[in-house]
Amino acid sequence: MSLNILKTRLYPFYLILASLTIVFYSCQGDDNDDITSQEFDPSRPVEVLGFTPESGGAGQRLVIYGKNFGTDPSIVTVLIGGKEAKVINVNGESLYCLVPKQAFDGDIEVRVGEEERQVKAYATNNFDYQRKMVVSTLIGYKNDRGDEPWKDGKFKSDNQNDMASGFWEPSFMKFDPMNPKHLWVVFDFNNGLYKIDFADSTVVKVRSDFDRPRSIDFTNDGKYMIIAEDRGGENDRATYRLSRDKDWQDREILTRYKNCNGASVHPVNGELYFNSYEKGQFFRFDLNKYFEDGLGDKDYEQLFVVQDPGWEYKIFIHPTGNYAYIVVINKHYILRIDYNWEKERFNQPYLVCGKLSNNGGYQDGVGSSVRLNKPYQGVFVKNEDYMEAGKTDEYDFYFTEQGNHDIRKLTPEGSVTTFAGRGSSSINPDPWGYVNGDLREEARFDQPTGIAYNEEEKAFYIGDKSNHRFRKIALEEAQE
């Protein structure tokens with residue numbers, strides 16, 4: 001299923017709603033006999049004769065036609081798929097309501113009358129309920145003081161003491177390429193390497209000897225995990241490897257430099273790219289030679305410098321290896337670097353979206369018209385629509401934004417749209433908060449950072465920093 005969720009076009013339906021509204025108001029001007037003829041008669045059966053539209057998702061407006069519905073919405077109950085719908089209005093032989101969440105079965109039942117004397121009727125056909133992408137909570141909680149302990153535990157439990165909690169620092173997430181049940185996470189300013197284990201629904205701290213771990217990647221054979229660490233010493237470790245066959249408990253330094261914000265492995269040729277906050281340097285380290293000949297921890301080369309000193313950024317390489325994005329966190333824009341296959345290294349960077357700024361902003365659009373605010377981690381996701389259209393680049397890039405409290409989507413053409421977050425505007429005008437539900441109408445995040453994507457599930461996992469939780473974006477399920 002494509003991640004491009006299309007809204008149903010219901011122009012005829014809205015014409016029906018408009019005509020219903022006219023009927024509702026015109027009834028107020030009729031004489032009492034006409035009004036009385038529309039009122040519910042408990043001695044007569046209630047009938048459901050049809051409904052429109054025939055399909056839709058949660059929140060869809062639905063018109064149901066029938067007989068003896070009455071004119072009082074307070075005594076009318078509509079169940080769709082066993083879930084109660086919100087009844088908006090009733091006019092004798094028609095009513096309209098909002099389709100509830102998780103109405104998967106789609107059977108329609110109408111009950112009219114006071115609770116002790118309800119008359120029931122059922123539709124002959126079922127409503128075709130279409131699941132949609134929603135935000136839910138996977139792990140974590142936040143108490144009133146925001147000081148719950150940072151600890152291992154279960155995803156969910158009746159006993160809060162058994163639940164995993166914490167997660168209030170910026171996260172970076174990566175699925176294990178050899179075990180999709182393991183999602184690995186590090187947090188800036190936290191000393192741990194954490195495993196989110198979907199096999200037993202637990203979070204476990206695997207080791208506790210880091211300083212400022214900033215990113216995770218794996219070698220192409222999956223045997224080694226690459227950690228980037230942000231340390232201030234002139235000759236400090238910048239990147240190092242952990243071995244799968246040692247249960248990730250060993251450590252060998254790959255490269256030494258100061259203030260490394262992130263490191264990524266080329267998915268085809270296997271060389272390692274890492275950076276430094278010091279002057280915005282972009283380095284190349286030949287992992288193949290390291291494993292073959294034992295390169296030293298200073299045997300890397302600087303390819304270019306991104307702008308000026310003090311540029312915090314992370315590197316995300318396209319699955320084909322053809323290019324990479326440089327996500328500049330503290331200056332609010334994204335660069336692209338194309339890969340030179342002949343020389344086996346990346347070329348100079350150029351702007352893809354956003355604008356160099358000290359403050360950031362929020363604006364969907366294309367290229368330099370886009371405004372970003374602290375973009376953090378991103379992930380490439382295959383778009384089935386692109387595949388069907390035969391496009392050369394089949395991937396969109398989804399990324400988190402701390403400052404805009406959302407998840408954005410960047411297309412290969414440089415178009416940026418808001419994918420999830422900033423909903424529930426009726427609560428208050430602020431874009432942040434903690435709300436599950438519809439991606440744009442309801443869901444809210446508070447400084448999200450980490451993001452990972454499970455191709456098999458077609459689900460996103462989000463490290464929601466200031467909500468102290470991990471969230472999930474996927475098709476709605478029976479238990480959200």
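Along the sequence shown, the residues carry numbers beginning at 1. Model, not experiment: these values are computed from the prediction.
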Between [X] and [Y], does the ring centroid distance fall short of 6.0 Å?
X	Y	result
F198	F155	yes
F460	F419	yes
F172	W184	no
F283	Y257	yes

Verify the distance criterion only: is there a donor paired with an acceptor across the side chains of [X] and [Y] at less than 3.5 Å?
X	Y	answer
T400	T449	no
Q447	H405	no
Y240	E229	yes
Q281	Y300	no
T320	N322	yes
T411	Y386	no
N467	D464	yes
N358	K331	yes
D338	N347	no
N191	R207	no
D152	T202	no

Do you know which of Y333, F380, Y273, Y395 makes ring-ring contact (aromatic ring centres under 6.0 Å, His included) with Y325?
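Looking at Y333, F380, Y273, Y395, the match for Y325 under the ring-ring contact (aromatic ring centres under 6.0 Å, His included) is F380.
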With ring-ring contact (aromatic ring centres under 6.0 Å, His included) as the test, pick out the partner of H266 among F285, W341, F316, Y323.
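Option passing the ring-ring contact (aromatic ring centres under 6.0 Å, His included) with H266: W341.
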Axial cation check for [Y] ring with [X], 6.0 Å and 45° limits:
X	Y	result
R284	F346	no
K465	F167	no
R422	Y362	yes

Considering non-hydrogen atoms only, spot the tightest contact between [X] and [Y] and give its length.
X	Y	answer
T137	Y434	OG1-OH, 2.6 Å
Q377	M173	NE2-O, 2.8 Å
D230	N259	OD1-CA, 3.0 Å
E54	F127	O-CD1, 3.5 Å
P213	G192	CG-O, 4.4 Å
F397	G378	CZ-CA, 3.4 Å

Report the residues that fulfil side chain to side chain contact (heavy atoms under 4.5 Å, CB included) with S243, sequence neighbours left out, ordered by chain and then residue number.
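With sequence neighbours excluded, S243 shows a side chain to side chain contact (heavy atoms under 4.5 Å, CB included) to Y224, R241, D245, K246, D250, given in chain and number order.
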Which residues pass the side chain to side chain contact (heavy atoms under 4.5 Å, CB included) test with N359, not counting sequence neighbours?
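In terms of side chain to side chain contact (heavy atoms under 4.5 Å, CB included), with neighbours along the sequence ignored, N359 is linked to S357.
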Let me see the working for K298 and N235 under side chain to side chain donor-acceptor pair (under 3.5 Å), right down to the final yes or no.
CA-CA 9 Å; K298 290 292 185 104; N235 202 35; 3.3 Å; yes
With a 3.5 Å distance limit and no angle check, can you tell me whether [X] reaches the backbone of [Y] through a side-chain donor-acceptor pair?
X	Y	result
D221	K223	yes
E394	D385	no
S215	A263	yes
E442	D438	yes

Does the pair E476 and Y129 meet the rule for a side chain to side chain donor-acceptor pair (under 3.5 Å), with working shown?
CA-CA 11 Å; E476 58 186 322; Y129 184 82; 2.6 Å; yes
Candidate pair H468 and N143, rule side chain to side chain donor-acceptor pair (under 3.5 Å), full reasoning:
CA-CA 10 Å; H468 303 184; N143 63 30; over 6 Å; no
Take W168 and F189 through the test ring-ring contact (aromatic ring centres under 6.0 Å, His included) and record every step on the way to the result.
CA-CA 10 Å; W168 58 73; F189 304 107; over 10 Å; no
Measure the CG-CD distance between N383 and E388 for me, rounded to the nearest 0.5 Å.
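These two atoms lie 9.0 Å from each other.
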